[in-house]
Protein chains: 2
Amino acid sequence: MATGVAGPEIEKLIQLLARLPGLGPRSARRAALHLIKKREALMAPLAGALQVAMDKIEVCKTCGNIDTHNPCTICTDPRRDPSIIVVVADVSDLWALERATATTGRYHVLGATLSPLDGVGPDDLTIDALVTRAHAAEVTEIILALNATVDGQTTAHYITDLLTEAGVKVTRLAHGVPVGGELDYLDEGTLSAAMRQRTLF
Amino acid sequence: MATGVAGPEIEKLIQLLARLPGLGPRSARRAALHLIKKREALMAPLAGALQVAMDKIEVCKTCGNIDTHNPCTICTDPRRDPSIIVVVADVSDLWALERATATTGRYHVLGATLSPLDGVGPDDLTIDALVTRAHAAEVTEIILALNATVDGQTTAHYITDLLTEAGVKVTRLAHGVPVGGELDYLDEGTLSAAMRQRTLF
């Protein structure tokens with residue numbers, strides 16, 4: 001990829017951009033050129049925003065969220081229900097739930113899901129911290145908002161077993177028809193789950 | 001897009017990343033999260049590379065190339081043939097030709113192609129500078145390496161007309177079958193051009 005055509009400084013920039021998810025070598029070159037052309041309008045602000053992020057962003061010591069405050073804004077928000085902990089695999093899942101304003105509870109970011117094939121075991125996740133938090137007096141419900149994949153469900157079962165003695169209710173997200181989804185395109189597992197968990201109209 | 005979920009600093013970073021070609025709002029979020037997770041391995045180097053690019057990269061006053069030297073490395077390279085000027089629309093085209101080591105000549109970057117529909121006229125391009133360069137004694141050939149599109153060919157004709165009195169040979173890239181291309185998938189225009197411009201085997 002790096003043919004040295006554009007000088008080492010630009011090649012370095014292209015190589016770093018190519019490591020972002022969603023950008024390959026070709027689109028990284030386009031992105032670098034775009035940045036160089038929009039020097040004042042885009043490159044300078046982006047360099048600044050990265051520096052600010054470098055300086056200010058931390059991982060919340062309570063929940064694992066990413067924020068400029070530690071503990072994070074959600075953990076310290078008095079309007080959030082301290083009795084509910086929503087367990088997610090990744091910060092991106094937390095962001096998705098927040099965009100949907102799906103919960104008034106607080107979060108716990110595991111960092112990943114258990115995956116024997118990828119060598120991800122319980123010690124790689126923040127499960128111990130979750131169990132500790134679940135034993136706190138004010139916590140009454142743990143909502144497992146994990147992917148409906150094999151790894152996600154394995155993780156959910158593993159955590160559920162560990163939480164039996166914490167005296168909390170452990171729930172998980174409903175399966176069902178996505179809003180706007182067409183039945184014809186849904187798999188059988190989703191359809192039968194949606195039928196079993198049908199609700200009153 | 002910006003729902004304020006992740007704090008203003010992260011949202012700002014996401015918004016700037018989303019302005020890169022090839023990244024939409026969703027992939028910009030993924031890229032931002034990836035950067036934050038790879039703080040030392042990726043975010044710090046990228047912030048540094050952008051700062052270096054900000055400080056050092058200039059537009060070559062001779063040819064319009066982008067480089068940390070001005071005039072650029074190609075314009076000052078004594079091994080490059082000063083009798084040939086390869087005219088390209090954009091720096092990305094220059095990079096593509098350099099990757100292919102397609103020429104030993106020097107370049108002239110127009111900045112764009114003529115496009116009446118987009119309001120791009122001759123004054124928006126570096127055509128005057130090209131005509132001046134073409135009159136230099138050592139220049140004998142101008143190769144128009146422009147896109148084989150309507151705008152590219154319009155620009156090629158316009159430049160050719162202006163260069164008639166410069167006493168230089170004006171050439172353009174051959175049309176033909178791409179290396180590795182299958183005839184069955186080529187358009188008729190390319191096929192008949194390839195047939196007309198056939199070469200001895």
Could you pull out the closest heavy-atom pair between [X] and [Y], with the gap in Å?
{"X": "A:Ala53", "Y": "B:Leu13", "value": "CB-CD2, 4.2 Å"}
{"X": "B:Ala49", "Y": "A:Leu16", "value": "CB-CD1, 3.7 Å"}
{"X": "B:Met54", "Y": "A:Glu40", "value": "CE-OE2, 4.5 Å"}

Please identify, among A:Ser27, A:Gly48, A:Pro45, the residue contributing the most non-hydrogen atom pairs under 4.5 Å to chain B.
A:Pro45
Rounded distance [0.5 Å steps], CD1 in B:Ile14 versus CH2 in A:Trp95
4.0 Å
Could you state the interatomic distance from CG (B:Leu50) to NZ (A:Lys12), rounded to the nearest 0.5 Å?
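Separation between the atoms: 12.0 Å.
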Side chain, backbone, both or neither: which part of A:Ile36 has an atom under 4.5 Å from a heavy atom of chain B?
side chain
Flag if over 12 foreign heavy atoms under 6.0 Å of CD, A:Glu188:
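No, because the 6.0 Å sphere around CD of A:Glu188 holds 12 heavy atoms or fewer from other groups.
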Answer yes or no: does atom CZ of B:Arg80 have more than 12 heavy-atom neighbours from other residues, nucleotides or ligands under 6.0 Å?
yes
Side chains of B:Leu33 and A:Asp90: does their closest heavy-atom pair fall under 4.5 Å?
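In short, these two side chains touch, coming nearer than 4.5 Å.
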Can you tell if the side chain of A:Leu42 reaches within under 4.5 Å of the side chain of B:Leu20, non-hydrogen atoms only?
yes
Within the side chain of A:Arg30, is there an N or O that forms a donor-acceptor pair under 3.5 Å with the backbone of B:Ser92?
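Side chain of A:Arg30 to backbone of B:Ser92, a donor-acceptor pair under 3.5 Å: no, none is there.
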Output yes when a side-chain donor or acceptor of A:Arg29 lies under 3.5 Å from a complementary backbone atom of B:Ala96, and no otherwise.
no
Pair count under 4.5 Å, heavy atoms only, with chain A: among B:Gln51, B:Lys38, B:Lys56, highest is B:Lys56
What part of [X] gets within 4.5 angstrom of chain A, counting heavy atoms only: side chain, backbone, both, or neither?
{"X": "B:Thr68", "answer": "side chain"}
{"X": "B:Lys37", "answer": "side chain"}
{"X": "B:Val52", "answer": "side chain"}

